[in-house]
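Accompanying notes for the structure given below.
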Amino acid sequence: MPASTRAANAGFGRSARIGRISLVVEGEQLRLTAGDVVVLLHPESTTRFFARDRDLRFAFETGAAARRTRWPSAKTAR
């Protein structure tokens with residue numbers, strides 16, 4: 001998978017319960033950090049990622065839906 005595809009899913013968010021949530025590119029994976037939890041997500045396809053050590057799967061939206069819900073980039077997140 002191209003690095004640009006992984007980078008398109010990276011970003012930061014905030015949850016009222018957990019606080020800051022981040023997705024950053026780490027090699028061929030995405031590193032999800034949510035509170036004290038850190039999980040490496042492996043690509044299943046260009047839009048689907050999974051964790052090997054937990055029962056977690058993520059699907060990222062593409063197209064118009066993704067533009068409405070896209071997380072801020074690392075450069076603009078606070």
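Positions are given from 1 along the sequence.
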Search all heavy atoms of [X] against all heavy atoms of [Y] and return the closest pair with its distance.
{"X": "Val39", "Y": "Ala51", "value": "CG1-CB, 3.4 Å"}
{"X": "Pro43", "Y": "Phe50", "value": "O-CE2, 4.0 Å"}
{"X": "Gly35", "Y": "Thr33", "value": "O-CG2, 3.9 Å"}

Given Gln29, Glu28, Arg48, the one that forms side-chain contact (heavy atoms from CB on, under 4.5 Å) with His42
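Looking at Gln29, Glu28, Arg48, the match for His42 under the side-chain contact (heavy atoms from CB on, under 4.5 Å) is Gln29.
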
Do Phe49 and Glu44 have side chains that get closer than 4.5 Å, going by heavy atoms?
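They are not in contact (no side-chain heavy atoms under 4.5 Å apart), so the answer is no.
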
Is the shortest side-chain heavy-atom distance between Leu32 and Ile21 below 4.5 Å?
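Yes, at least one pair of side-chain atoms sits under 4.5 Å.
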
Separation of [Y] [atom2] from [X] [atom1] (nearest 0.5 Å):
{"X": "Leu40", "Y": "Arg54", "atom1": "CG", "atom2": "CZ", "answer": "11.0 Å"}
{"X": "Ser22", "Y": "Arg31", "atom1": "OG", "atom2": "CZ", "answer": "6.0 Å"}
{"X": "Asn9", "Y": "Thr46", "atom1": "CG", "atom2": "OG1", "answer": "8.5 Å"}

Within the supplied structure, the quantity of interest is the number of heavy atoms (other residues, nucleotides, ligands) at a distance under 6.0 Å from Asp53 CG; does it exceed 12?
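Counting other residues, nucleotides and ligands, CG of Asp53 exceeds 12 neighbours.
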
